[in-house]
Amino acid sequence: MHRSKLLERMSHEDGILLWRGCTYRNQLPEELKSIERVLRRVGVAFSTLEEGCCGYPLFLSGYQREARDLAVENIDEIGSFRLIVTACPACLRAFKEVYEEHFGLSLPPVLHLTQFLDEKVKEGVLTRDRLRPVKLKVMYHDPCELGRAMGVYEEPRRLLGLVPGLRLFEQRFTREASACCGGGGLLPAFFPSLASMAAARKLTQEDRVPEDLDAVVTTCPQCILNLRKGLEMWVEEEGLEDLQVLDLAQILDMALGG
């Protein structure tokens, strides 16, 4: 291992690693800034690495050996940390299911960002009186990887419910019954038009978003990207010109003074 990287690893031993993930790092830099600001504003000392891919796309594509080799490399980087926090549900599933259950590899505890922040609420670190009002009407979209795959449904809703002034619209299909945005399973890579059509259908036919809705809020980078593409297809026909797609961390960032 390169000496500077070894020193970095030693200096962060027993700390918290924010695993940012490829999609946030490469395609959603503003959302990533919000994630990092939120953690800092609630007093969390964390580290980041110049990490590569978690290997989940390789695993889904059938490249099992290559995915395992990458997993071993990643564990060599992250094994010295006490806790891994990631905002990407695909990375969460890769670590907890693919690395541990499929490959039999050991790594530190892993939490999705919403699970980690929900713990901060329970500890009394993140409280309602610390938050500014955010006067928006929003709908929370359950990502498939985070919801149906990992069972994380209530933590994001509790965090949204903490924000003063925020109104939460409950669509027809939520939690286990939530419609897929079309952004997972490598669909955008192989059939991008079909993925965008799935997102558009979700917004206009499955969820039937109301005209006064300000934003769709979610906790998955692929959902953010694909729902935005779906909106591009329908804004003129459905009157959704002002509808935003936001990361939940962006809402908390606003509430914490961002």
Side-chain angles (χ1 to χ4, degrees), residues 1 5-29 31-60 67-123 125-126 143-147 149-156 159 184 218-223 247-249 252:
M1 182 181 294
K5 188 163 286 189
L6 176 61
L7 290 174
E8 179 184 34
R9 175 175 170 177
M10 292 173 63
S11 67
H12 298 320
E13 193 164 353
D14 294 326
I16 297 173
L17 170 67
L18 173 63
W19 180 274
R20 296 167 294 175
C22 301
T23 308
Y24 277 115
R25 285 188 294 106
N26 298 329
Q27 300 186 63
L28 296 170
E31 287 78 1
L32 179 57
K33 288 178 184 177
S34 288
I35 290 167
E36 294 178 344
R37 276 196 298 264
V38 167
L39 288 173
R40 293 191 183 100
R41 283 170 173 159
V42 297
V44 177
F46 64 91
S47 302
T48 60
L49 296 173
E50 292 302 319
E51 79 266 26
C53 180
C54 68
Y56 195 50
L58 279 173
F59 182 79
L60 291 179
R68 192 184 191 283
D69 290 344
L70 184 55
V72 171
E73 290 181 15
N74 286 335
I75 287 177
D76 186 55
E77 292 284 340
I78 65 182
S80 61
F81 288 91
R82 174 178 59 85
L83 176 69
I84 303 167
V85 176
T86 182
C88 177
C91 293
L92 178 74
R93 191 175 186 186
F95 290 145
K96 295 187 72 66
E97 287 192 0
V98 178
Y99 284 31
E100 293 184 346
E101 297 178 18
H102 192 82
F103 293 148
L105 301 173
S106 177
L107 71 166
V110 187
L111 292 175
H112 187 262
L113 178 69
T114 58
Q115 293 175 303
F116 181 73
L117 292 176
D118 188 55
E119 288 298 318
K120 292 303 173 184
V121 174
K122 294 175 182 176
E123 293 169 6
V125 175
L126 179 57
C144 297
E145 300 283 10
L146 189 63
M150 305 305 298
V152 179
Y153 294 111
E154 301 309 322
E155 291 91 333
L159 291 169
T218 189
T219 48
C220 170
Q222 285 301 130
C223 291
D247 194 288
L248 192 148
L252 293 178

Practice prompt. Evaluate the side-chain proximity of Leu70 to Cys53: yes if any heavy-atom separation is below 4.5 Å, no if none is.
Written response: yes
Item to complete: Taking the side chain as every heavy atom from C-beta outward, state whether Lys120 and Val44 have any atom pair closer than 4.5 Å.
Response: yes
Fill in: Side-chain heavy-atom pair Leu28, Asp247 within 4.5 angstrom cut-off
no
Practice prompt. Please examine the side chains of Pro108 and Ser80, heavy atoms only from C-beta on, and report whether any two atoms are closer than 4.5 Å.
Written response: no
Item to complete: Provide the full list of side-chain hydrogen bond (donor to acceptor under 3.5 Å, both in side chains) pairs with a residue in residues 84-93, sequence neighbours left out, each pair given once.
Response: Tyr56-Arg93, Arg93-Glu97, Arg93-Glu145
Worksheet entry | Gap between atom CD of Gln115 and atom CG of Leu159 - 0.5 Å precision | 10.5 Å
Discussion item. I'd like to know if the side chain of Arg20 reaches the main chain of Leu49, judged simply by a donor and an acceptor atom lying under 3.5 Å from each other, with no hydrogens or angles considered.
Written reply: yes
Worksheet item: Closest heavy-atom contact between Ala249 and Val38?
Response: O-CG2, 3.5 Å
Discussion item. To the nearest 0.5 Å, what is the distance between SG on Cys22 and CD on Glu51?
Written reply: 7.5 Å
Item to complete: Would you please test His112 and Met150 for side-chain contact (heavy atoms from CB on, under 4.5 Å) and show each step?
Response: CA-CA 10 Å; His112 187 262; Met150 305 305 298; over 6 Å; no
Worksheet item: Quick one: do Glu36 and Lys33 make a salt bridge, cutoff under 4.0 Å?
Response: no
Fill in: Residue pair Pro221 / Thr23: nearest heavy atoms and the distance that separates them
CB-CG2, 3.5 Å
Discussion item. For the CG atom of Leu146 and the OG1 atom of Thr218, what is their distance to the nearest 0.5 Å?
Written reply: 8.0 Å
Discussion item. With rounding to the nearest 0.5 angstrom, report the CD1 to CZ distance, Ile35 to Arg40.
Written reply: 11.5 Å
Worksheet entry | Note, Leu107 side chain near Glu100 side chain (heavy atom, < 4.5 Å) | yes
Worksheet item: Looking only at heavy atoms, what is the nearest atom pair of Thr219 and Pro143, with distance?
Response: OG1-CG, 3.6 Å
Worksheet item: Do the non-hydrogen side-chain atoms of Leu39 and Leu117 ever get within less than 4.5 Å of each other?
Response: yes
Discussion item. Within the 4.5 Å heavy-atom criterion, are Val72 and Phe103 side-chain neighbours or not?
Written reply: no
Worksheet item: Which atom pair, heavy atoms only, marks the closest approach of Cys54 to Ala90?
Response: SG-O, 4.5 Å
Worksheet entry | Residue pair Leu105 / Arg68, side-chain heavy-atom distance below 4.5 Å | yes
Worksheet, complete the sentence: Contacts of Phe95 meeting ring pair (Phe, Tyr, Trp, His ring centres under 6.0 Å) (sequence neighbours excluded), chain-then-number -> Trp19, Tyr99
Fill in: Nearest heavy-atom neighbours spanning Phe81 and Ser47
CE2-CB, 3.8 Å
Discussion item. For a side-chain contact (heavy atoms from CB on, under 4.5 Å) check, start with the C-alpha distance between Arg25 and Leu32, then their side-chain angles and the critical distance, and finish with the verdict.
Written reply: CA-CA 7 Å; Arg25 285 188 294 106; Leu32 179 57; 4.2 Å; yes
Worksheet entry | Distance in Å, Leu17 CG paired with Leu83 CG, rounded so as to fall on 0.5 Å steps | 9.0 Å
